[in-house]
Amino acid sequence: MLLERLKSKIYQNLQEAAIRAREEGKLTFEELPPFTLEKPREKEHGDLAANIAMVLARPAKNAPRNIAQAILEYFPTGKNRVVRYEIAGPGFINLFLDQSWVDAVLPEVEEMDRRYGCTLAENRQKIQVEFVSANPTGLLHMGNARGAALGDTLANVLAAVGHEVTKEFYINDTGKQIENFGLSLEARYLQLLGEDVSFPENGYPGEDLIDSMRRLISTVGDKYLQVAPQLRREILVKYALKEKLEQMKEDLTDFGVNYDVWFSEQSLHDSGDIQAVLWELQQNGYLYEKDEAIWFRSSLVGDEKDEVLVRSNSVPTYFAADIAYHKNKFQRGFDRVINIWGADHHGHVARMKGALEALGYDPDRLHVVIMQLVRLFRGGEPVRMSKRSGEYVTLRELMEEVGTDAARYFFINRSADSHLDFDLDLAREQSSDNPVYYVQYAHARICSILRQAGELPSAQEIDCSLLREPAELALLEKIAELPGEIIYAAESLEPQRLSHYAYELANLFHGFYTNCHVLNAESGLRQGRLVLVNACRITLRNTLKLIGVSAPERM
RNA sequence: GUCCCAGUAGCUCAGCUGGAUAGAGCAACGGACUUCUAAUCCGUAGGUCGGGGGUUCGAAUCCCUCCUGGGACGCCA
């Protein structure tokens, strides 16, 4: 927050200086292009570096270093902690801050405590994040698990910058897969009762369906043997679906994911929303009939080819329901809608955006985060999985094997569009090789120090100027970066920034720990370091909280 | 065939809204525990950023093309 404020003020000062320079005839340009003001990689390049002169080179038709010179004539030193500047390299303006700027970090962290890292975005929005939305015909698998970790973290991050976020699970409780679900359940039910029936070809072969029917039989026995198949399947589906949803909800809760809304696809059929949206598309001229089916002219709005919305048997497709669902989202007042989809759905993106356009919505209000597949490795070998044969590792099994913390950390530690090789052995390992433990260990170490210290002074009581060791300054600066990191993660929808940040912070803490002793330091210094270490604890804890990873006090 | 994603150190990956000398972890090698948790720290070594063109003051980053791996192209969801 503090660092962000400082940066934005200095950014403004640079803008104003450039404009003054133009007014004074030192520079000519039409419009000031956006430029960057960042912490440079090299310490010698100052605390902040701006490339304003370089991006102005072309519009101002001048050499970057000359432009920098002109801008700096009107740039106020001594304000906003800037004590010195230089023109360097091809035309960077390097700014050096009064080291005491870090003294404002500790009081701020201490005061904000659990809110530290949170900011208020300029345009606060109502945002819906829809994720997992797994078929309720089976158990949650690795793809769902990755989606759960990503979606939940993303929702946390967006909320942390002030958006109003709704987390939603879309239940595919109708359609062809439910039909197959019913056929599979029926076959299992009959088989368990000794009937000689074959299993449907497109059925769901998982053990979980057998278990489900076994439980049903234990309460109702064979009473559905005599019921007409159609009705029987409906009954079995109703029973098993309820079980499945409860199971998913429980698994997700244990994974730290709690939804605000569970939205039923069937409800869109029941409410007439699908008919309404079809009618609207019809009015807008996007529908036509061919081969007794109703098609969406998605090729008009950017898709490669047209899509069927209503089958020749007059049943709407999944896509038709999804269009109605998305219209419903916007009708509920969301400014922005974010979907986390597996890579196997990417072909759906252009269609969905096209449909929104056809309905008169700005398709850019829909963001689809496409997530690549997960491969599990055990003992260096990929774990064979096949959804078709029902052999796959479930979220529940993953949690039991590696724990929630490791799972969530690993899932968000890679960018969504990277294939994820999940090393089960590493995730289970309780050593520094495992980044989760590395970060958590830093937190536990801090808690240990604080326990032994007894009384914790407040940031107001200490002399911050005593904290000038390189390890201390590095830690302070990193702590100051959290709000900016969260803002960046929220803007780019890239939660992996957070686990990287947590790792870097833990790394700096461990370095500090070996270099700077806290408890046996001289009294003033000891007080200062206690406050520093406590701020580090708050920062680590808050970051882990966003990821959904626990911050243990002892390990 | 068309489209999407990936290709960066031996391995797993950051970095990609163009910026200064391309980073981290693991693995390898060498060090550091009379001191707050060694689940830690420090050092060494390791690179044609898949290949080739282009855009420009500047390209791992943007554009084109080719190669390799994965995925998607259904009146499934």
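When reading the values below, keep in mind they use all heavy atoms of this one structure, side chains included, and skip hydrogens, waters and symmetry mates. In what follows, chains are A, B, ... by sequence order, proteins preceding strands, each numbered from 1.
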Please answer whether [N] and [X] are stacked, defined here as ring centres separated by less than 5.5 Å and planes angled under 30°.
X	N	value
H45(A)	rA20(B)	yes
H517(A)	rC36(B)	yes
F92(A)	rA20(B)	yes

Are [X] and [Y] in a cation-pi setup, meaning NZ or CZ lies under 6.0 angstrom from the ring centre and within 45 degrees of the ring axis?
X	Y	result
R351(A)	F296(A)	no
K7(A)	Y11(A)	no
R445(A)	F509(A)	no

Considering every strand and a 4.0 Å limit on heavy-atom distances, what is the contact class for [X]: base, sugar-phosphate, or nothing?
X	result
R41(A)	sugar-phosphate
A88(A)	base
A293(A)	base
Q496(A)	sugar-phosphate
H510(A)	sugar-phosphate

Base-pairing assignment for [N] (Watson-Crick or G-U wobble, both under 3.5 Å):
N	result
rC73(B)	rG1(B)
rU17(B)	none
rU56(B)	none
rA6(B)	rU68(B)
rA28(B)	rU44(B)

To the side chain of [X], which of [options] is closest?
X	options	value
D344(A)	rA72(B), rC41(B), rU12(B)	rA72(B)
K176(A)	rA77(B), rU37(B), rU17(B)	rA77(B)
P90(A)	rG69(B), rG19(B), rC4(B)	rG19(B)
L519(A)	rG23(B), rG71(B), rC36(B)	rC36(B)
Y503(A)	rC36(B), rU56(B), rA24(B)	rA24(B)
R351(A)	rU17(B), rA77(B), rA14(B)	rA77(B)

Just the rounded figure in Å: distance from [atom2] of [N] to [atom1] of [X].
X	N	atom1	atom2	answer
I370(A)	rG71(B)	CD1	P	15 Å
K305(A)	rU2(B)	NZ	C1'	9 Å
D306(A)	rC73(B)	CG	C1'	14 Å
F422(A)	rU12(B)	CZ	P	16 Å
F410(A)	rG25(B)	CZ	P	15 Å
L426(A)	rA39(B)	CG	C1'	13 Å
N135(A)	rA77(B)	CG	C1'	6 Å
E504(A)	rG25(B)	CD	P	11 Å

Practice item. Return the orientation label for the F422(A) and F411(A) ring planes: parallel under 30°, perpendicular over 60°, tilted otherwise. Key: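 Ring orientation of F422(A) relative to F411(A): tilted.
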
Taking 4.0 Å as the cut-off, does a side-chain nitrogen or oxygen of [X] come that near to OP1 or OP2 on [N]?
X	N	result
Y488(A)	rU17(B)	no
S492(A)	rU17(B)	no
R311(A)	rC76(B)	yes
R414(A)	rA6(B)	no
S418(A)	rA14(B)	yes

Point to revise | H348(A) ring center near F319(A) ring center (under 6.0 Å) | key: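 Between F319(A) and H348(A), which both carry aromatic rings, the centre distance is below 6.0 Å.
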
Point to revise | Side chain N51(A) and base rG19(B) donor-acceptor under 3.5 Å | key: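 Under the 3.5 Å cut-off, the side chain and the base do form a donor-acceptor pair.
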
Review point. Under the 3.5 Å rule, do the base of rC75(B) and the side chain of S312(A) count as making a donor-acceptor pair?
Key: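 It does, because a donor-acceptor pair links the side chain of S312(A) to the base of rC75(B) below 3.5 Å.
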
Review point. Strictly by modelled atom types, are S312(A) and E292(A) linked by a side-chain donor-acceptor pair under 3.5 Å?
Key: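 No, E292(A) and S312(A) have no side-chain donor paired with an acceptor closer than 3.5 Å.
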
Practice item. State which residue, out of L544(A), L505(A), N507(A), T543(A), fulfils the side chain to side chain contact (heavy atoms under 4.5 Å, CB included) condition with V439(A). Key: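 The option that passes is L544(A).
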
